[in-house]
Amino acid sequence: MSENRDRLIERAGIGLLAIGGLLVLVAVVFGVLIAIGVGDESADPQQPGPAAGEPGGPTLRALAGPRRLLVGAAVPVEALKGDASYARTLAREYNALTPENAMKWDTIHPERNRYDFAPADSIVRFARAHDMAVRGHTLVWYRQVPSWVTDRSWTRPELEQVLHDHIRRVVGHYRGKIAQWDVVNEAFDSEGKLRDSIWMRVIGPEYIDLAFRWAHEADPDAKLFYNDYDLEFPGAKARAVMAFVRDLQRRGVPIDGVGIQAHELTVRPPSRKELQSALRGYAGLGLDVGITELDVGIYLPTSAAKLDEQAAVYSDVLDACLAVSRCGSFVTWGFTDKYSWIPSELPGFGDALPFDANYAPKPAFTALRRGLARGHP
Ligand code: GLA
């Protein structure tokens with residue numbers, strides 16, 4: 001089970017508890033309004049949203065380009081292949097993308113002697129055809145690792161060899177085509193300890209140094225990132241990752257940046273101050289920073305008010321990034337509610353992205369466009 005998901009559920013619980021009292025109050029007020037005959041059509045999730053179609057006005061990428069900001073989305077290969085509206089909207093609005101799963105171990109390296117580059121190749125081809133940068137995701141993670149790696153016992157030299165081969169082969173295959181690699185993903189648990197994984201058990205903490213060094217050898221021009229969640233919430237984990245990254249730098253490990261995933265919920269978002277101080281903290285170490293997996297789950301059913309709250313969270317995260325010159329990428333985990341991990345992994349939550357399931361722009365999209373047009377807040 002994903003710890004990322006568990007901690008989102010926990011955060012949802014705290015957030016919902018906090019707004020529970022408020023909801024009772026709202027229910028009472030609502031009851032009174034209904035009793036006196038005042039309806040609120042916009043709050044009815046059954047009402048159709050804005051008409052499907054292009055938003056009109058400048059695109060996100062037209063606004064982000066002059067700021068040298070990568071504005072991107074995670075892309076599932078199935079959507080790109082089978083859904084023309086998906087591909088059209090993606091190419092129109094974004095100047096960057098992250099393969100959602102196609103570069104993870106279980107897809108790209110399903111058997112010891114077999115790599116399957118086809119799904120990731122098709123995403124990279126699409127990006128190049130539409131002049132989009134690619135964030136490679138991810139070389140070393142504790143999840144989505146195939147059983148041929150996890151279900152046998154390795155000696156340390158054997159597993160190092162396996163990891164080295166993987167990184168050399170995958171990074172080498174895309175050499176020159178990937179702007180940023182998430183080299184190591186989620187190496188820390190919520191308490192700020194290096195988490196248990198096959199890499200940690202067999203190789204030890206040094207797997208992280210090795211992964212960065214091998215990735216750098218395979219593509220010296222790609223920017224190499226450490227990527228994790230909850231770095232924007234002050235606490236043991238945020239402190240541990242900051243200290244760890246500083247130590248990597250001190251030891252000369254070739255790390256270029258830190259990715260803040262930013263899977264948020266409207267019920268308990270980080271404050272703008274928290275977001276900014278996390279981004280500034282890494283920028284202060286001389287590193288690039290980025291928002292790498294933003295989405296903002298709504299506790300269903302959606303209402304006009306909740307969509308506005310969601311837009312405010314998107315806006316805060318974007319503003320925090322725009323305020324830090326080393327924040328060079330702003331990537332959402334998908335862009336349409338049609339394809340999002342949230343409803344299946346976080347029951348009760350959904351509608352987390354800036355476009356609805358029919359590709360109509362939501363208030364979150366308008367907020368992003370407004371923020372990009374305005375620039376540094
Ligand atoms: C993590 C990973 C992503 C994705 C999301 C949602 O954040 O980095 O690749 O799997 O979880 O599932």
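Note: hydrogens, waters and symmetry copies are ignored here, and every other heavy atom, side chains too, is used. We count ligands from 1, going down the list as the structure has it; atoms in each ligand are counted the same way.
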Does the side chain of K223 come under 3.5 Å of the side chain of Q180 through a donor N or O and an acceptor N or O? no
Considering only heavy atoms, does W141 approach ligand 1 within less than 4.0 Å through its side chain, its backbone, both, or neither? side chain
Does the N or O separation between W333 and ligand 1 drop below 3.5 Å for any pair? no
Option passing salt bridge (Lys or Arg N to Asp or Glu O under 4.0 Å) with K362 (candidates D356, D351, D337): D337
Salt bridge (charged side-chain N to carboxylate O under 4.0 Å, His left out) against K306, all qualifying residues, sequence neighbours excluded: none
Is there a heavy atom in R143 that sits closer than 4.0 Å to ligand 1? no
With a 4.0 Å cut-off on heavy atoms, does W341 reach ligand 1? yes
Distance-only, no hydrogens or angles: does the H130 side chain make a donor-acceptor pair with backbone N or O of F126 under 3.5 Å? yes
Short N or O distance, K104 and ligand 1, threshold 3.5 Å exclusive: yes
Quick one: do D319 and R374 make a salt bridge, cutoff under 4.0 Å? yes
Report yes if some N/O of N185 lies less than 3.5 Å from some N/O of ligand 1; otherwise report no. yes
Tell me, please: is E345 in heavy-atom contact with ligand 1, that is, under 4.0 Å? no
Do other residues, nucleotides or ligands put more than 12 heavy atoms under 6.0 Å from the CZ atom of R152? yes
Please enumerate all residues that pass side-chain contact (heavy atoms from CB on, under 4.5 Å) together with T155, with sequence neighbours excluded. P157, E158
Atom indices of ligand 1, in the order listed, that fall short of 4.0 Å to a heavy atom of H263: 5 (C), 7 (O)
Short N/O distance, under 3.5 Å, between N227 and ligand 1? no
